[in-house]
Amino acid sequence: QIPATGVLANQDGSDVFEMDGTTLVKYTGTAKTVSVSDTVKVIGEEAFALCENLQEIKVPLHVEYIARGTFLNCKNLQKVTIPKNVTVIENAAFFGCENLMEINMPNSVSLIEKSAFMKCKKLPEFPISNSLREIREYAFAECENIKQIKFPFSTEYIAANAFSGCTNLQAIQIKKNVVGIGDSAFFKCPNLKDIKIKKGNPFYGEEADNIKNGGTALKNNCKETCEI
């Protein structure tokens with residue numbers, strides 16, 4: 001039973017939770033796999049930051065957002081399960097989780113904020129939510145292992161530098177509901193060869209220079225296949 005306020009620790013001290021009511025304020029344990037009670041409704045900012053032993057965690061059922069820096073620089077974190085109530089992943093939530101390889105993203109997530117997954121170097125694919133509307137600045141910057149991105153129909157805005165430095169990115173598919181792509185959204189993506197944009201997308205045309213930095217039109221940035 002988690003106390004209303006105070007510290008909960010198991011017998012060997014591998015799990016240590018600092019609680020304030022139903023808010024998990026800070027975790028200072030050393031366990032590799034952490035199971036947080038479903039009585040927890042809020043996980044505080046930077047609650048698991050710098051937990052270098054952490055490899056796997058399941059976020060409690062009633063949590064509605066992943067707070068700023070929650071898993072900041074958890075360098076050995078490999079797997080995260082996010083519950084279906086989460087709608088927002090806040091700034092730098094998974095920044096520097098360089099071994100993160102599996103993330104179960106629910107369709108409830110509509111916003112991924114600035115630098116949320118930046119420097120997740122082993123993340124093999126873009127985690128899709130069918131409700132995702134906005135991807136903010138540097139959200140997936142330097143995710144070097146992502147090779148392909150298929151944005152869902154719900155996506156409307158891809159902010160500046162959202163995918164900059166994704167050096168192995170080869171293909172992107174952008175649906176017609178995307179109405180804004182920020183400057184340098186795909187800057188320093190040297191292997192981007194296949195760009196598909198649905199007909200009727202209002203962003204393609206005179207403004208298409210913004211898809212890659214350097215003032216070059218979209219078709220000239222596409223080395224192999226462009227389907228407009």
Side-chain angles (χ1 to χ4, degrees), residues 7-9 13-37 40-83 85-106 108-127 129 132 134-146 158-167 188:
V7 175
L8 175 70
S14 60
D15 273 334
V16 182
F17 302 92
E18 181 185 340
M19 299 298 304
D20 183 2
T22 57
T23 297
L24 196 169
V25 178
K26 187 69 177 176
Y27 175 84
T28 55
T30 58
K32 293 181 179 180
T33 301
V34 174
S35 179
V36 182
S37 170
V40 171
K41 295 183 179 180
V42 176
I43 297 178
E45 295 182 356
E46 300 187 10
F48 288 86
L50 300 170
C51 289
E52 294 192 355
N53 288 332
L54 182 63
Q55 294 182 9
E56 183 176 345
I57 187 167
K58 183 178 180 181
V59 177
L61 182 64
H62 299 293
V63 170
E64 296 181 355
Y65 62 94
I66 307 297
R68 181 182 65 82
T70 296
F71 300 100
L72 178 73
N73 286 326
C74 291
K75 295 188 180 297
N76 290 303
L77 182 61
Q78 298 173 22
K79 181 179 179 180
V80 177
T81 301
I82 298 176
N85 290 324
V86 169
T87 59
V88 178
I89 297 177
E90 293 190 351
N91 295 358
F94 295 94
F95 181 100
C97 295
E98 55 189 36
N99 283 295
L100 182 61
M101 297 186 68
E102 185 177 346
I103 181 162
N104 297 319
M105 183 78 75
S108 54
V109 174
S110 61
L111 172 63
I112 298 177
E113 293 202 14
K114 185 176 180 180
S115 305
F117 292 93
M118 187 174 180
K119 295 183 183 289
C120 291
K121 296 181 182 294
K122 290 188 178 179
L123 193 66
E125 59 187 7
F126 173 62
S129 160
L132 183 60
E134 185 174 350
I135 303 166
R136 293 193 175 163
E137 293 87 347
Y138 296 96
F140 291 90
E142 299 181 44
C143 289
E144 298 173 354
N145 206 30
I146 294 177
I158 302 165
N161 291 287
F163 296 91
S164 62
C166 292
T167 52
K188 291 186 178 179

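Computed from a predicted structure; not experimentally measured. Because only heavy atoms are used, hydrogens play no part in the values below, and waters and symmetry mates are left out as well, while side chains stay in. The first residue of the sequence shown is numbered 1, and numbering continues consecutively from there.
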N53 side chain to A31 backbone, donor-acceptor under 3.5 Å
no
Step-by-step side-chain hydrogen bond (donor to acceptor under 3.5 Å, both in side chains) determination, K122 to N99
CA-CA 5 Å; K122 290 188 178 179; N99 283 295; 2.9 Å; yes
Considering all heavy atoms of both residues, which atom of P83 and which atom of P60 are nearest to each other, and what is their separation?
CG-O, 3.0 Å
Of all heavy-atom pairs between E90 and A67, which one has the smallest distance, and what is that distance?
OE1-CA, 3.5 Å
Do I43 and V59 have side chains that approach each other closer than 4.5 Å (heavy atoms only, starting at C-beta)?
yes
Test salt bridge (charged side-chain N to carboxylate O under 4.0 Å, His left out) applied to R68 and E46, step by step:
CA-CA 6 Å; R68 181 182 65 82; E46 300 187 10; 3.3 Å; yes
Could you please spell out the steps behind the side chain to side chain contact (heavy atoms under 4.5 Å, CB included) verdict for L132 and I112?
CA-CA 8 Å; L132 183 60; I112 298 177; 3.8 Å; yes
Determine yes or no for a side-chain-to-main-chain donor-acceptor pair under 3.5 angstrom, with T87 supplying the side chain and S108 the backbone.
no
Please assess E98 against K121 for the test salt bridge (charged side-chain N to carboxylate O under 4.0 Å, His left out), listing each intermediate value before the final yes or no.
CA-CA 5 Å; E98 55 189 36; K121 296 181 182 294; over 6 Å; no
Crowding at NZ, K26 (>12 non-hydrogen neighbours, <6.0 Å)
yes
Atom pair CD (E56) and OG1 (T33), whose distance is rounded to the nearest 0.5 Å
5.0 Å
Residues Q55, L77; criterion side chain to side chain contact (heavy atoms under 4.5 Å, CB included); working and verdict:
CA-CA 4 Å; Q55 294 182 9; L77 182 61; 5.8 Å; no
Yes or no on side chain to side chain contact (heavy atoms under 4.5 Å, CB included) for E102 and V80, after CA distance, side-chain angles and deciding distance?
CA-CA 6 Å; E102 185 177 346; V80 177; over 6 Å; no
Geometric class of the F94/F117 ring pair [parallel <30°, tilted 30-60°, perpendicular >60°]:
parallel
With I82, which of I103, I57, V63 fulfils side-chain contact (heavy atoms from CB on, under 4.5 Å)?
I103
R136 vs L111 side-chain heavy atoms within contact, under 4.5 Å
yes
When rounded to the nearest 0.5 angstrom, what distance separates CE in M118 from CG in L123?
14.0 Å
Sole candidate of V25, V34, T28, V40 that passes side-chain contact (heavy atoms from CB on, under 4.5 Å) when paired with F17
V34
Between K41 and T23, is any pair of side-chain heavy atoms under 4.5 Å apart?
no
Closest non-hydrogen atom pair, E113 against V88:
OE2-CG1, 3.7 Å
When you compare the side chain of Y27 with that of L54, does any pair of heavy atoms fall below 4.5 Å?
no
For the residue pair I89 and M105, establish whether any side-chain heavy-atom pair is separated by less than 4.5 Å.
yes
When rounded to the nearest 0.5 angstrom, what is the spacing between CD in E137 and OG in S115?
8.5 Å
One thing to verify: whether K119 and E142 come together as a salt bridge, which I'm taking to mean a side-chain N less than 4.0 angstrom from a carboxylate O.
yes
Quick one: does any side-chain atom of N104 pair with a main-chain N or O of T81 as donor and acceptor, under 3.5 Å?
no
Side chain proximity check, P127 to F140, heavy atoms < 4.5 angstrom:
yes
Can the ring centroids of F163 and Y138 be said to lie less than 6.0 angstrom from one another?
no
Any donor and acceptor pair, going by atom type alone, linking the side chain of N73 with main-chain N or O of C97 inside 3.5 Å?
no
Going by heavy atoms in the side chains, are V86 and I66 under 4.5 Å from each other?
yes
Heavy-atom closest contact (A49 atom, G69 atom, distance):
CB-O, 3.9 Å
Close side-chain approach of Y65 and N85, heavy atoms under 4.5 Å
no
